[in-house]
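Positions are given from 1, in the same order as the sequence printed here.
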Amino acid sequence: MNAKKMAIEREYIKISWFLIGAIVVYLVFDKLVITNETGFSSFSDWLVPLIFLFVSVGYNLFKVWLFKSDTELSEEIYKYLKFFEVINLVFFFGYEKLFDLMFVVSLIFLFYLQKVKIGSIKQVIAFLIVSYIFFIFRDFLLKNISIEVLKNLFYTLFYIFWIYNVEKIEVIDKASISELETRTQKMEEQLKDLMESNKAKDIKIKELEKEISNLKEINKRLNVSLGEFFNLQEISKIITQILDTNELLKFVNDVLIGVTGVDKSSILLFNRDKTELYVAYSNLPESDQKESFKQENIEWLKNVALNCENGYRNRINPKECPFLTGRATKSIMYASLATKNDKYGIILLEHVLENIFTEDNLRFLTSIAAQVSIALENSSLYQQMRSMAMVDGLTGAYNRIYLYEVLETEIESSRGRYPISIALFDVDNFKKLNDTYGHLFGDKVLQTIVKVAKEKIRKGDIVARYGGEEFVIVFNHLESSEAYKVVERIRRTIENETIEDNLIQTKVTVSFGIASYPAHADNVKDLIKCADIAMYHAKSSGKNCTVIYDQEMEMKG
């Protein structure tokens with residue numbers, strides 16, 4: 001059924017509702033007002049109109065549902081629908097002889113149709129002509145010719161004239177037809193695309209069928225390696241998230257033992273100058289580590305790591321690998337830890353069975369080794385950048401930012417449970433020294449006193465450059481009196497140190513001010529302020545001395 005007929009049918013539905021309403025009004029007016037047939041005896045006169053109205057309403061609702069859905073209607077079904085509609089109308093109007101009503105309704109239809117411009121309406125009028133001719137013929141046979149018959153004859157001629165001229169009327173609902181044609185065109189385009197897609201799929205299927213044997217083989221290998229690759233992906237994610245080197249190596253060692261099922265796993269790293277390997281992490285007992293991985297036993301491992309070699313040996317002779325002496329190891333697998341920029345060491349796996357390792361195992365190990373190498377490189381770069389960011393370039397002491405960071409952290413950790421002391425000091429008469437010998441010699445002086453201070457402090461204490469020629473030493477877990485003893489050793493050493501640079505030789509002195517947390521201050525800012533006040537008093541007292549802060553100093557100052 002084409003779009004034009006569907007548009008026409010939608011307009012017929014509107015006309016039908018109007019027709020049903022007109023008949024209801026006519027019947028109610030005729031039966032109740034003119035003939036006054038309200039008793040039970042007149043029920044038979046109501047029966048046919050009620051049946052017609054019930055059938056017409058149900059039929060119209062059915063058509064509303066049918067033409068609103070996207071179901072495609074065949075021409076055959078469409079013919080049956082129209083046949084039923086014509087029979088229903090002919091029966092009712094012929095039985096009731098509502099020719100006058102139909103004439104009025106027809107005029108209204110004409111007015112409506114000229115406005116909405118529907119397509120061919122011959123089938124709407126044809127049943128009226130048939131009905132009128134039938135009843136005119138019947139009255140003629142019964143010799144019941146009256147003005148009513150002549151009137152019906154006039155109606156018939158009117159409808160014949162209407163049918164004859166209807167082709168001249170433009171009867172298309174352009175909006176509805178355009179919408180339906182657009183939808184139909186889209187559906188046709190979609191169907192065409194679908195057919196082309198199916199055709200392409202058929203071609204692709206034929207191509208895939210030619211490669212099915214290869215795909216099966218690949219699929220078989222993928223299934224074997226799927227668990228391994230999944231583990232590798234998850235492990236790689238975790239490796240990239242671990243910044244602490246010791247934690248990283250422990251994790252990798254545990255994973256290698258769990259995934260590969262080896263008995264022993266060890267990670268050995270190079271020292272700074274790449275001359276020796278040391279055990280960074282291993283599941284061997286500590287005593288076995290010291291005995292097995294002596295430098296004279298691991299020359300082969302060192303060469304493998306330096307040459308960035310990866311491999312496995314499924315039948316190992318302990319004589320060839322002295323580091324295996326005393327252990328029941330029969331197979332080993334190894335992978336070097338290296339990037340394009342540096343070499344970091346080697347991973348060594350051991351197993352008590354022969355012929356245990358495969359190429360798949362080696363591929364897994366080398367993948368893990370590559371991830372670990374990148375992590376080690378990132379860690380090294382991170383430490384270098386952090387060191388550059390927190391160390392003074394001239395003296396090698398920590399900078400002011402790092403000083404504040406350390407003090408904040410230590411005070412937060414202490415919470416008053418243990419003391420933290422600082423010593424603020426600077427070089428006496430440093431401006432005169434610069435003016436006399438030049439700034440380059442002044443830099444030499446600063447480098448020397450920082451070197452002396454670093455040598456005299458404990459492990460864990462730090463020296464930081466506070467600004468210019470001023471420096472701060474942080475003493476963790478030391479009262480001010482205990483810090484005083486260390487500071488005095490530093491001061492005397494600097495006093496006796498001869499600083500040389502080309503032809504220049506001289507000695508310098510420094511003045512110290514000491515303050516402690518929580519005895520003198522409860523925050524970083526006040527702690528440094530107290531040390532500064534103490535150093536000022538040291539300068540006022542003749543320089544080259546150490547003064548511990550006292551609250552009375554602020555009153556005197």
Side-chain angles (χ1 to χ4, degrees), residues 228-286 288-290 292-295 297-312 321 323 332-350 357 360-391 396 398 402 459:
E228 183 178 299
F229 289 151
F230 176 77
N231 288 334
L232 180 61
Q233 183 183 21
E234 294 302 311
I235 292 167
S236 298
K237 289 180 182 178
I238 298 174
I239 287 175
T240 56
Q241 294 172 359
I242 299 176
L243 296 177
D244 183 78
T245 302
N246 292 329
E247 184 182 350
L248 169 67
L249 298 181
K250 179 181 183 303
F251 170 77
V252 171
N253 212 62
D254 293 343
V255 165
L256 291 173
I257 293 173
V259 174
T260 62
V262 297
D263 302 294
K264 304 291 186 294
S265 174
S266 303
I267 300 176
L268 292 86
L269 299 181
F270 280 118
N271 60 3
R272 181 169 295 181
D273 54 7
K274 304 292 187 298
T275 57
E276 294 182 354
L277 282 173
Y278 66 92
V279 179
Y281 204 89
S282 175
N283 69 328
L284 283 168
E286 190 170 347
D288 289 350
Q289 292 179 33
K290 292 180 179 179
S292 297
F293 297 115
K294 291 179 179 178
Q295 293 303 311
N297 292 340
I298 58 174
E299 191 65 30
W300 179 78
L301 281 178
K302 185 170 71 172
N303 291 331
V304 168
L306 288 172
N307 294 325
C308 300
E309 296 177 12
N310 305 313
Y312 57 89
C321 302
F323 56 88
I332 64 169
M333 184 165 60
Y334 49 89
S336 59
L337 298 171
T339 64
K340 292 180 179 180
N341 302 316
D342 206 351
K343 298 168 184 177
Y344 299 97
I346 190 170
I347 298 175
L348 176 68
L349 304 183
E350 305 175 26
F357 295 117
D360 288 339
N361 298 140
L362 181 60
R363 185 169 57 252
F364 175 76
L365 178 60
T366 53
S367 298
I368 292 293
Q371 294 291 329
V372 174
S373 300
I374 294 171
L376 290 172
E377 184 174 59
N378 290 340
S379 177
S380 176
L381 292 172
Y382 173 76
Q383 293 300 329
Q384 291 177 24
M385 291 178 64
R386 179 173 172 79
S387 177
M388 291 172 62
M390 64 187 185
V391 174
Y398 291 106
Y402 184 71
K459 184 178 180 180

Worksheet item: Are S265 and N253 linked by a side-chain donor-acceptor pair shorter than 3.5 Å?
Response: yes

Worksheet item: Out of T275, L277, N307, which one pairs with K302 under the side-chain contact (heavy atoms from CB on, under 4.5 Å) rule?
Response: L277

Response to the item:
The ring-ring contact (aromatic ring centres under 6.0 Å, His included) partners of Y402 (sequence neighbours excluded) come to Y398

Worksheet item: Nearest 0.5 Å, what's the CG-CD1 distance between L249 and I267?
Response: 4.5 Å

Worksheet item: Considering only heavy atoms from C-beta outward, does the side chain of V262 approach that of E350 to under 4.5 Å?
Response: no

Worksheet item: If every non-hydrogen atom of S292 is compared with every non-hydrogen atom of N297, which pair is closest and at what distance?
Response: O-CB, 3.3 Å

Practice prompt. Indicate yes or no: at least one non-hydrogen side-chain atom of L256 is less than 4.5 angstrom from one of F364.
Written response: yes

Discussion item. Run the side-chain contact (heavy atoms from CB on, under 4.5 Å) test against V279 and tell me which residues pass, sequence neighbours left out.
Written reply: L268, S282, Q289, F293

Response to the item:
D342 meets the salt bridge (Lys or Arg N to Asp or Glu O under 4.0 Å) criterion, sequence neighbours left out, with K274

Discussion item. As an exercise, state the distance from OH of Y344 to CZ of F270, rounded to the nearest 0.5 Å.
Written reply: 12.0 Å

Fill in: Distance (rounded to the nearest 0.5 Å) between M333 CE and T366 OG1
9.0 Å

Response to the item:
Applying ring-ring contact (aromatic ring centres under 6.0 Å, His included) to F323 and not counting sequence neighbours gives none

Discussion item. On a heavy-atom basis, which atom in S266 and which in L284 lie closest, and how many Å separate them?
Written reply: OG-CD1, 4.0 Å

Worksheet, complete the sentence: By side-chain contact (heavy atoms from CB on, under 4.5 Å), I374 pairs with (sequence neighbours left out) N378

Practice prompt. Can you measure from SG (C321) to CD1 (I298) and round to the nearest 0.5 angstrom?
Written response: 12.0 Å

Worksheet, complete the sentence: In this structure, CD of Q371 is separated from CG of L248 (nearest 0.5 Å) by 10.5 Å

Item to complete: Grab the two heavy atoms, one from L362 and one from G311, that are nearest each other, plus how far apart they are.
Response: CD1-N, 3.6 Å

Worksheet item: Side-chain contact, heavy-atom cut-off 4.5 Å: V304 with W300?
Response: yes

Worksheet item: If we only count heavy atoms from C-beta on, is the S336 to K343 side-chain gap below 4.5 Å?
Response: no

Discussion item. Are the side chains of L349 and N361 in contact, using a 4.5 Å heavy-atom criterion?
Written reply: no

Discussion item. Do V252 and I368 make a side-chain contact, defined as non-hydrogen atoms from C-beta onward lying under 4.5 Å apart?
Written reply: yes

Discussion item. Using a 3.5 Å distance criterion without hydrogens, assess whether the side chain of N283 forms a donor-acceptor pair with backbone atoms of D263.
Written reply: yes

Worksheet item: To the nearest 0.5 Å, how far apart are CG in N310 and CG in L337?
Response: 9.0 Å

Worksheet entry | Contacts of N246 that satisfy side-chain contact (heavy atoms from CB on, under 4.5 Å) - sequence neighbours left out | D244

